[in-house]
Protein chains: 6
Amino acid sequence: MKDAMAKAQILMEALPFIKEHFGKTVVVKYGGNAMVKPELKESVASDIVLMKYVGMNPVIIHGGGPEITDFMKKAGKEVRFVDGLRVTDAETMDIVKMVLVGKINKEIVSLINRHGELAVGVSGDDGGLIHARKMKSDVDLGFVGEVDKINPKIIYDLIVEDFVPVIASVGAGSEGQSFNINADLVAGEMAASLKADKIIFLTDVAGIYEDFEDKDSLISELTLENCERIIDDKRVASGMLPKVKGCVSALEGGVTRAHILDGRIKHALLLEVFTKEGVGTMITKS
Amino acid sequence: MKDAMAKAQILMEALPFIKEHFGKTVVVKYGGNAMVKPELKESVASDIVLMKYVGMNPVIIHGGGPEITDFMKKAGKEVRFVDGLRVTDAETMDIVKMVLVGKINKEIVSLINRHGELAVGVSGDDGGLIHARKMKSDVDLGFVGEVDKINPKIIYDLIVEDFVPVIASVGAGSEGQSFNINADLVAGEMAASLKADKIIFLTDVAGIYEDFEDKDSLISELTLENCERIIDDKRVASGMLPKVKGCVSALEGGVTRAHILDGRIKHALLLEVFTKEGVGTMITKS
Amino acid sequence: MKDAMAKAQILMEALPFIKEHFGKTVVVKYGGNAMVKPELKESVASDIVLMKYVGMNPVIIHGGGPEITDFMKKAGKEVRFVDGLRVTDAETMDIVKMVLVGKINKEIVSLINRHGELAVGVSGDDGGLIHARKMKSDVDLGFVGEVDKINPKIIYDLIVEDFVPVIASVGAGSEGQSFNINADLVAGEMAASLKADKIIFLTDVAGIYEDFEDKDSLISELTLENCERIIDDKRVASGMLPKVKGCVSALEGGVTRAHILDGRIKHALLLEVFTKEGVGTMITKS
Amino acid sequence: MKDAMAKAQILMEALPFIKEHFGKTVVVKYGGNAMVKPELKESVASDIVLMKYVGMNPVIIHGGGPEITDFMKKAGKEVRFVDGLRVTDAETMDIVKMVLVGKINKEIVSLINRHGELAVGVSGDDGGLIHARKMKSDVDLGFVGEVDKINPKIIYDLIVEDFVPVIASVGAGSEGQSFNINADLVAGEMAASLKADKIIFLTDVAGIYEDFEDKDSLISELTLENCERIIDDKRVASGMLPKVKGCVSALEGGVTRAHILDGRIKHALLLEVFTKEGVGTMITKS
Amino acid sequence: MKDAMAKAQILMEALPFIKEHFGKTVVVKYGGNAMVKPELKESVASDIVLMKYVGMNPVIIHGGGPEITDFMKKAGKEVRFVDGLRVTDAETMDIVKMVLVGKINKEIVSLINRHGELAVGVSGDDGGLIHARKMKSDVDLGFVGEVDKINPKIIYDLIVEDFVPVIASVGAGSEGQSFNINADLVAGEMAASLKADKIIFLTDVAGIYEDFEDKDSLISELTLENCERIIDDKRVASGMLPKVKGCVSALEGGVTRAHILDGRIKHALLLEVFTKEGVGTMITKS
Amino acid sequence: MKDAMAKAQILMEALPFIKEHFGKTVVVKYGGNAMVKPELKESVASDIVLMKYVGMNPVIIHGGGPEITDFMKKAGKEVRFVDGLRVTDAETMDIVKMVLVGKINKEIVSLINRHGELAVGVSGDDGGLIHARKMKSDVDLGFVGEVDKINPKIIYDLIVEDFVPVIASVGAGSEGQSFNINADLVAGEMAASLKADKIIFLTDVAGIYEDFEDKDSLISELTLENCERIIDDKRVASGMLPKVKGCVSALEGGVTRAHILDGRIKHALLLEVFTKEGVGTMITKS
């Protein structure tokens with residue numbers, strides 16, 4: 001009985017958070033360990049389903065770095081990076097799409113759908129969702145792109161019909177070609193375009209550090225202004241940089257809160273959204 | 001952190017129950033201690049709000065025995081019962097209505113509305129909700145009535161607009177007079193009329209007993225058939241009888257499950273609805 | 001036959017008024033003799049039903065002074081007024097609510113519903129309709145309040161569903177307590193909040209007088225400006241003052257016309273709304 | 001004041017009739033003197049407008065015998081009847097359409113629209129409303145037709161948009177030709193097709209007589225069965241016959257009540273619909 | 001097979017035009033030979049039906065000059081014109097309406113409806129579509145009017161219900177009288193009022209000429225500015241003048257493109273709308 | 001000009017077909033050469049876009065045999081078939097999905113979307129579209145499946161929002177695994193489940209032959225009954241068999257017409273749907 005009371009207590013603590021988030025759109029950038037370890041994959045999927053059932057509209061965006069590399073190797077393609085960006089020739093682009101859209105996206109959809117017929121996967125081509133253009137750079141990176149325009153109609157339509165959209169970060173060029181785009185940056189722009197309330201990045205670190213070499217300097221709350229200063233001061237680790245930039249573009253586009261969470265923790269999403277134990281770093285407009 | 005994990009675990013355990021009840025109507029007969037002790041009153045109110053936010057449609061029905069008696073005494077009226085039914089002359093009927101509709105109903109509405117503008121109180125007159133007729137009996141009981149017909153339109157309208165209806169069990173006679181009706185019986189017929197999925201009676205006992213003098217004989221699950229047998233065998237305590245009859249009429253009217261819960265336990269509703277720790281007695285059709 | 005022709009003539013005369021008021025919201029402050037004499041009560045109820053059927057949206061607001069006093073006496077409470085305002089301790093507030101919400105409101109609902117399942121009673125708690133705060137005054141009047149904010153959603157919802165809302169003028173404080181508010185003032189603010197076309201006060205006098213001691217000085221039409229001047233000149237009888245103030249706040253809030261009618265006349269409402277025989281005083285913006 | 005009371009009384013008497021007819025469709029076959037005398041024309045138009053404003057859906061159908069004959073003479077065409085049916089060659093059919101659709105229909109529309117932008121005229125071609133076929137007869141009557149099928153979509157659409165449809169009884173043949181059809185018969189079938197509640201024929205007699213030569217034998221109420229017997233017994237005057245047949249086909253098609261009214265009486269429609277002074281003969285199913 | 005390929009090619013060429021016009025409203029002023037020769041009448045009707053089926057909203061407006069004159073002669077009325085305007089006494093106005101509304105309008109409706117139950121005819125009275133006033137002029141022209149105001153509700157309602165409105169250019173005066181209005185001018189104002197995308201005039205000439213006596217000077221494209229200059233320079237033939245003025249008022253009212261087409265060419269409408277072979281003169285805002 | 005007339009003529013010939021198919025759902029099984037040759041790919045895409053714009057609801061289903069084999073070879077996997085069915089181990093299943101969903105599906109979406117933001121790709125996981133189970137067979141074929149149940153909600157939702165759904169024939173098993181299903185069979189069941197009007201198979205042959213070795217024995221029309229006889233008589237080529245079975249299951253599921261077209265012909269779809277030159281074999285219920 002005491003146990004039951006404790007349970008009741010915890011459910012009750014979730015009520016103010018459920019009320020606060022009711023009817024709100026939350027973009028979740030899914031990646032890192034949370035996309036690799038089976039136990040974490042399942043915990044993310046069930047967190048998202050819970051968010052949906054208590055009245056939120058989660059929208060998932062994912063990339064897929066390591067699996068693309070694996071597959072390229074399997075197919076005998078050379079893997080090359082310039083400044084952290086994958087050199088993407090036409091054949092590589094085909095592999096990127098196949099892995100992102102045909103494998104990873106479908107795995108996420110399938111994981112969520114064990115709880116019901118909820119998830120629908122889309123990529124940048126579908127309904128003209130992500131228009132992309134070639135990224136400018138000194139070296140020719142091939143089909144590496146950046147967001148040109150987002151047409152969120154298909155996402156709105158899926159939300160209205162109570163589906164959970166799962167978006168593969170592949171962009172559609174103006175002449176039918178596809179572009180490989182950084183999923184963190186897509187997530188930021190998608191959140192802005194959807195007028196989302198919140199964007200959450202699942203990462204493999206505990207959050208943003210005052211000094212990323214000092215593990216005691218984790219920042220739990222940060223203003224947009226300070227966030228931009230940290231970027232300018234080059235105090236953000238290179239792997240974290242696109243995530244932080246995604247936060248900035250989301251907040252500048254009207255999103256209320258951006259979070260960088262430690263996706264290695266089971267149910268990190270759920271803890272962030274439904275308990276006062278916020279985990280990771282939260283960035284707000286002011 | 002371990003604590004946070006435990007919280008996550010408990011919220012996750014609620015997910016299958018949230019899914020199961022999503023979009024369902026649940027009639028809650030509110031009464032007993034749960035309507036008296038401030039702490040319990042608040043726990044019931046917050047349980048109902050949680051039910052609403054996670055997608056259920058709770059509908060509350062209440063009576064108000066003890067407070068009516070108090071008020072009659074204050075107003076110098078003699079209080080008389082015949083076979084457990086309050087003899088109700090015109091002046092008593094006025095008091096019944098004033099206490100039920102003007103006091104208790106508004107208190108419940110007010111408690112729920114501390115969490116938002118959710119609750120709306122109605123009584124049998126409003127929108128022709130509860131048509132009543134005089135109850136037949138050997139002794140003239142005055143304005144003691146029984147349900148003649150329920151017109152649930154106003155309740156459906158309130159649900160569609162995302163309100164929580166709170167119903168005072170006063171019936172409207174065909175010539176403008178009011179009738180005092182047992183709230184347990186109204187609850188059963190209301191649940192049937194609303195095609196509710198579940199009806200829950202909050203009581204001051206642990207549930208139905210095989211033998212109500214033997215506290216070890218609590219029944220946790222019961223079929224409608226067995227339930228009727230227990231009634232026929234006069235094995236139900238007189239105070240419990242109308243509740244059990246309310247369960248029977250709800251189940252016969254198409255409701256899937258009826259529950260008799262111990263309202264003296266804090267968050268009894270929440271435990272019943274969102275955890276596997278079902279409390280009290282559940283009666284099912286078969 | 002001649003008789004029939006006369007009837008036809010009168011119905012035809014109503015046509016331009018029916019057209020004019022079609023789809024408009026009209027707030028009726030119900031009170032005085034019209035709420036006491038059975039014959040008048042029935043005539044008001046049927047006038048309101050006719051208004052509803054020919055396409056108007058009547059919204060009724062009522063107080064209940066004399067009955068509250070009666071009941072307080074019955075319950076042995078001392079009745080005390082300061083500057084025309086009832087000193088309202090917690091127990092008195094309970095009685096106010098019980099009488100207004102549990103007795104008078106239900107009587108009005110019941111009278112209207114003899115013509116169909118039209119009326120639904122609400123008070124300030126329901127759906128957060130009337131937020132109130134303690135009225136400032138030199139003497140502590142207890143739970144005497146004034147309107148803080150009106151949330152008309154529940155009233156709009158009832159109108160859309162073709163119900164006639166009947167509002168008891170009880171306000172809900174921010175911490176769950178209730179406030180006794182002057183119904184005339186509530187009516188004025190409710191009309192403004194509902195963007196009503198018209199507000200009508202049923203009173204026990206013939207209207208506003210140029211000089212209220214001279215029964216020949218009845219004013220049939222008045223501008224808002226002149227109305228405010230009459231108030232400033234203290235030429236309004238004290239009982240009439242809140243009604244006139246209610247008119248002023250309604251007109252300032254966008255209502256087109258305010259009427260003070262003699263509710264002692266049978267079918268005064270109907271005559272005002274459907275015939276050229278306007279009765280009482282009409283106040284217009286300019 | 002006494003006068004005002006009398007007015008109120010009469011308006012009140014209309015209330016039960018307004019309630020009874022609320023939301024109902026009433027087909028009015030307009031013809032005879034009521035379509036000729038200016039005063040009667042205006043009274044019919046205002047009766048229809050009143051019906052619309054108090055919540056009924058009037059649908060008007062008209063023919064136009066005498067004006068067609070006038071116009072044919074003016075255009076130098078010979079006028080010929082066989083068994084009461086106008087011999088209709090192609091040129092005559094053109095004149096029939098021009099007079100019915102271009103003159104009479106527009107006059108009715110214009111009369112109603114003096115009260116607002118309410119009426120919309122349609123004829124059998126519009127939206128495929130009245131499909132007609134050539135009437136079989138011994139003598140070739142040319143373009144005299146009978147109803148083959150009614151497609152009421154355009155009428156429903158106009159009603160939903162709160163218009164008053166005014167229908168000219170011209171039928172559309174399957175090959176683009178038009179047919180002259182008896183308006184009484186069209187009215188009966190239209191009422192059945194619209195699932196109208198009531199059909200009313202405005203005529204130049206007081207109603208149906210037991211013996212149409214005995215002016216004291218007016219029948220005020222008649223069952224469908226008796227009505228058919230009267231037809232079989234050839235006790236119906238030839239001019240009345242199509243109206244009575246129209247009543248029969250309406251009632252057999254599901255209409256609840258059919259009325260034959262004396263259109264020479266001003267406001268005959270209004271008296272029939274809104275007072276207890278029913279005028280003329282009412283035919284009911286049983 | 002080669003033939004089939006050619007067909008496919010032509011259908012494919014139509015695709016960009018179908019896309020461009022999808023969901024757009026196009027006002028077609030119908031007149032001249034296209035309204036006289038059976039073959040042309042049928043080709044216009046089928047062009048309009050095709051426009052409807054591929055997603056456009058065609059709205060047809062017509063006058064009827066020659067047939068009115070014929071009919072007046074038949075009825076023995078003198079025909080008189082002043083400055084190209086028909087002197088219209090009351091009897092003439094009756095004939096105008098009968099011919100336009102009862103004959104020509106119904107013929108157009110009937111021609112279109114051979115392809116389905118699509119067309120619905122309306123004139124200025126219906127639903128208060130065209131409010132007109134007497135045209136000012138030196139000589140009294142009787143019931144010759146000009147547009148005072150257009151209330152397009154009935155046209156929007158018909159479009160929403162997937163009908164093709166066919167409008168006879170008769171105006172309704174404020175006192176129930178009708179006015180004869182130039183159909184070209186009505187078309188221009190109707191297009192503006194409907195916020196149409198395009199207006200097309202079917203005429204008996206090839207288009208607008210630089211110099212209308214030089215058949216080699218046909219203008220295929222013209223800006224609004226140049227169009228107004230041509231009018232000011234009196235370089236437009238008198239018969240063409242109202243059409244050009246109609247184009248001007250449409251463009252000034254927000255219509256994107258105005259066309260003057262040679263209606264003597266079979267399927268001129270279809271060629272203009274669905275092929276790159278634009279025919280006639282197009283006038284654009286700039 | 002003669003040319004223009006010929007164009008008009010051909011567009012006009014399409015009108016009856018456009019009318020006939022308006023609002024109808026047509027399932028297109030896309031495959032064979034039409035999915036390989038760039039010119040044919042583009043012609044299919046534009047045919048589908050034209051179908052959409054003239055009011056039909058095309059739904060595309062595709063498989064992808066040859067490309068899967070290519071990719072397996074590239075990835076060094078052994079390719080093995082038993083009775084025409086690909087032996088599909090877990091790794092092969094991954095490749096099947098990547099090629100179908102991540103490559104071919106996106107190519108089709110991209111081709112269609114050159115004409116607008118119309119197409120949205122889905123596979124069996126999305127929204128629980130295709131539930132599959134392991135196909136029973138003597139040899140273990142691994143993840144070769146058959147349709148267990150179709151939940152068409154996501155397809156209906158996309159159609160309502162005016163998208164063109166493009167479906168990859170991958171089935172979702174009950175435990176999250178995927179199944180490789182024959183696209184012809186999926187197409188037949190999808191058409192039945194969508195209550196489509198028509199199903200069209202694009203193949204690499206001219207249609208069904210009386211005797212498939214005799215190229216002069218092409219059957220242009222066939223009843224379902226005869227079709228089943230031909231299957232029973234083993235007169236259908238093995239490559240054609242699943243297509244014919246797809247036709248049979250569609251027709252038995254309520255589809256009106258099934259077509260087997262020669263996809264090697266440019267614009268074969270368009271010719272079938274919009275001209276009288278039907279190409280290939282049509283199978284009808286009776």
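Side chains are part of it too, since the values below use all heavy atoms of this structure and drop only hydrogens, waters and symmetry mates. In the text below, chain A, chain B and the rest are named by the order of the sequence lines, each starting its count at 1.
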Check whether [X] gets within reach of chain D through its side chain, its backbone, both or neither, counting any heavy atom under 4.5 Å.
| X | value |
| --- | --- |
| E:Leu158 | side chain |
| E:Val99 | both |
| E:Ala119 | backbone |

Close side-chain approach of [X] and [Y], heavy atoms under 4.5 Å:
| X | Y | result |
| --- | --- | --- |
| D:Leu185 | D:Val147 | no |
| E:Val59 | E:Ile155 | yes |
| D:Ile130 | D:Val170 | no |
| E:Val122 | E:Leu129 | yes |
| E:Leu261 | E:Leu271 | no |

Quiz item: Quick one: side-chain contact (heavy atoms from CB on, under 4.5 Å) partners of E:Ala250, sequence neighbours excluded?
Solution: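 Partners of E:Ala250 under the side-chain contact (heavy atoms from CB on, under 4.5 Å) test: E:Ala191, E:Ile199, E:Val255.
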Quiz item: Who among E:Gly128, E:Ala168, E:Gly127 has the most heavy-atom pairs with chain D under 4.5 Å?
Solution: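 With the most close heavy-atom pairs to chain D, the winner is E:Gly127.
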Quiz item: For the residue pair D:Phe143 and D:Phe179, does the interplanar ring angle fall in the parallel (under 30°), tilted (30 to 60°) or perpendicular (over 60°) class?
Solution: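 Rings of D:Phe143 and D:Phe179: tilted, as their planes differ by 30° to 60°.
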Distance-only check: which donor-acceptor pairs of chain D and chain E lie under 3.5 Å?
from: D:Lys106; atom 1: NZ; to: E:Asp126; atom 2: OD1; distance (Å): 3.0
from: D:Lys106; atom 1: NZ; to: E:Asp126; atom 2: OD2; distance (Å): 2.9
from: D:Ser110; atom 1: OG; to: E:Gly176; atom 2: O; distance (Å): 3.2
from: D:Asn113; atom 1: ND2; to: E:Asp125; atom 2: O; distance (Å): 2.9
from: D:Arg114; atom 1: NH2; to: E:Glu175; atom 2: O; distance (Å): 3.4
from: D:Glu117; atom 1: OE1; to: E:Asn151; atom 2: ND2; distance (Å): 2.1
from: D:Glu117; atom 1: OE2; to: E:His131; atom 2: NE2; distance (Å): 2.5
from: D:Ala119; atom 1: O; to: E:Gly127; atom 2: N; distance (Å): 2.8
from: D:Gly121; atom 1: N; to: E:Asp126; atom 2: OD1; distance (Å): 2.6
from: D:Asp125; atom 1: O; to: E:Asn113; atom 2: ND2; distance (Å): 2.9
from: D:Asp126; atom 1: OD1; to: E:Lys106; atom 2: NZ; distance (Å): 3.1
from: D:Asp126; atom 1: OD1; to: E:Gly121; atom 2: N; distance (Å): 2.6
from: D:Asp126; atom 1: OD2; to: E:Lys106; atom 2: NZ; distance (Å): 2.9
from: D:Gly127; atom 1: N; to: E:Ala119; atom 2: O; distance (Å): 2.8
from: D:His131; atom 1: NE2; to: E:Glu117; atom 2: OE2; distance (Å): 2.5
from: D:Asn151; atom 1: ND2; to: E:Glu117; atom 2: OE1; distance (Å): 2.1
from: D:Lys153; atom 1: NZ; to: E:Glu161; atom 2: OE1; distance (Å): 2.9
from: D:Glu161; atom 1: OE1; to: E:Lys153; atom 2: NZ; distance (Å): 2.9
from: D:Glu175; atom 1: O; to: E:Arg114; atom 2: NH2; distance (Å): 3.4
from: D:Gly176; atom 1: O; to: E:Ser110; atom 2: OG; distance (Å): 3.2

Quiz item: What's the shortest heavy-atom distance between E:Ala172 and E:Gly124, and which atoms?
Solution: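 Heavy atoms only, the tightest pair is CB-O, 4.0 Å.
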